[in-house]
Amino acid sequence: MSSSLRFPKNFIFGVATSAYQIEGATSEGGRTDSIWDTFCRVPGKTHSGHTGDIACDHYHRYAEDVQTIADLGVSSYRFSIAWPRIFPEKGKFNAEGMDFYKRLVDELEKRQLKPAVTMYHWDLPEWLGQMGGWLNRDVSKYFGEYAETLLHHLGVQVDTWITHNEPWCASFLSYGIGEHAPGHTDWREALTAAHHLLLSHGEALQAYRASGLGGNIGITLNLGAVYPASSSPEDVAAARTADGFTNRWFLDPLFRAQYPEDMLEKFEARVGRVDFIRDGDLQHISAPMDFLGVNYYTRSVVKADVTSEFLGVGYVPSSPDSQTDMGWEVHPESLYRLLKRVASEYTDIPLYVTENGAAYADVLEDDGQIHDTARIAYVEGHLAAAERFIEDGGDLRGYYLWSLMDNFEWAYGYSKRFGIVYVDYDTQKRVLKDSAKWYRELATKHRTQLV
Ligand code: IFM
């Protein structure tokens, strides 16, 4: 069970979650609907009509959950704040909502657990959804005010802030592909939303610098490693395009103050002039950050496919033998390559793996245990890739396992289990899976030996 992995002294082992996926209590404490509450009520949008109404009931069980995190021996917990708890209506601050997060942060502090807080993990207040959501440029201003409020109330206790989680999902998957709330299928909208999300990141960054707080602020991107299926010029070009809309569309504005030319051309040919990008926006978006969060799960292999609506990119399915329960190929080597690429092509600021983990169809055995050996192998393989990146001189400061516990996996509802802690949704009982015990051993060894 033990592992030979070794990380630098200050390396952070953590676990991650997000508000809508675990909290439940969607109409308690003054919270109003988010766009995800609305989306879940639309028949057919989530697996078996699952919603986040109860989720893991973390809103009521947060103290027990923080104890579980402490018992895992990790040093940090990444969670997100539900915007509609803080601003349930336009212009109305909800002290009760903020109080929940203060209590959570206090619990973490008592146990010497470092909070890493994501400001936005997709649960946009429905009242902003009604105003057009991320298609409305003003939403980035509202986000700036929301960020300012969070910093005012929690900024002293929290020194690691993540403005957005995976803006690709909040734009392309939500407004272009339609799999996530609000479920639109319009590529012009996807690009507009992506731009406004980035703009709002700039607003939050500005609020952070103006606050005079001395911690760290960054953004988390879901980046992928893209490989051409063959060396044919067509497949190589398809891989470049896929890399363009997955990775470069976000990395380039953040680190180079420009959108990639080749992608601009392709997108404009499809959706018309991207006139929602205004003068000065890119300077705002590219203001220096303190770190970059990288979420990595899988790689993609692509080929040219003229019939594909993804700008002619066809995705080649991987072998079922090497897939997780999401159908995602397990490919740790790509994490190493991805980190190397970000560091060599984009930035020398510190990196964090802010999410990595795997869904498997876990079974609670008769002995009351969950023997999730595949998940242990997944995590160990990816940590080995992270270790190699550091040994090569890479500045990777931490690894957050997704996820602390099984939770609401968006359109897949509760049908996919990513947790290292099993959740029995009938009783809300939490059971440590074998992977949790393995991670506990690793994190504890790391903390006590500090090598
Ligand atoms: O559950 C999600 C999370 O909310 C964002 N990153 C990917 C995870 C697994 O799909």
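Predicted model only: the values in this text are computed from it and were never measured. One-based numbering, in listed order, for ligands and for the atoms of each. Quick note: numbers below take in every heavy atom, side chains included, and nothing from hydrogens, waters or symmetry partners.
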*Are any of the N/O atoms in Q21 less than 3.5 Å from those in ligand 1?*
yes

*Heteroatom proximity flag, E166 to ligand 1, N/O under 3.5 Å*: yes

In terms of atom number and element, which parts of ligand 1 are under 4.0 angstrom from non-hydrogen atoms of [X]?
{"X": "W410", "value": "1 (O), 2 (C), 3 (C), 4 (O)"}
{"X": "W328", "value": "10 (O)"}
{"X": "N165", "value": "5 (C)"}

*Using heavy-atom distances, let me know which of K416, E355, E409 sits nearest atom 5 (C) of ligand 1.*
E355

*State if M326 counts as touching ligand 1 under the rule of any non-hydrogen atom under 4.0 Å.*
no

*Do any N or O atoms from the side chain of H446 and from the backbone of F11 form a donor-acceptor pair under 3.5 angstrom?*
yes

*Can any side-chain N or O of R299 pair as donor or acceptor with the backbone N or O of E333 at less than 3.5 Å?*
no

*State plainly whether the residues D243 and R248 are in salt-bridge range, i.e. N to O under 4.0 Å.*
yes

*Start with the C-alpha distance between F87 and W127, add both sets of side-chain angles, then the distance that settles side chain to side chain contact (heavy atoms under 4.5 Å, CB included), and finish with yes or no.*
CA-CA 10 Å; F87 285 104; W127 62 266; 4.1 Å; yes

_Using the rule given for side chain to side chain contact (heavy atoms under 4.5 Å, CB included), can you reason through S18 versus W122, listing the C-alpha separation, both sets of side-chain angles and the distance that settles it, and then say yes or no?_
CA-CA 9 Å; S18 88; W122 311 345; over 6 Å; no

*Test the R388-Y336 pair against the cation-pi criterion, namely NZ or CZ under 6.0 angstrom from the six-membered ring centroid and within 45° of the ring axis.*
yes

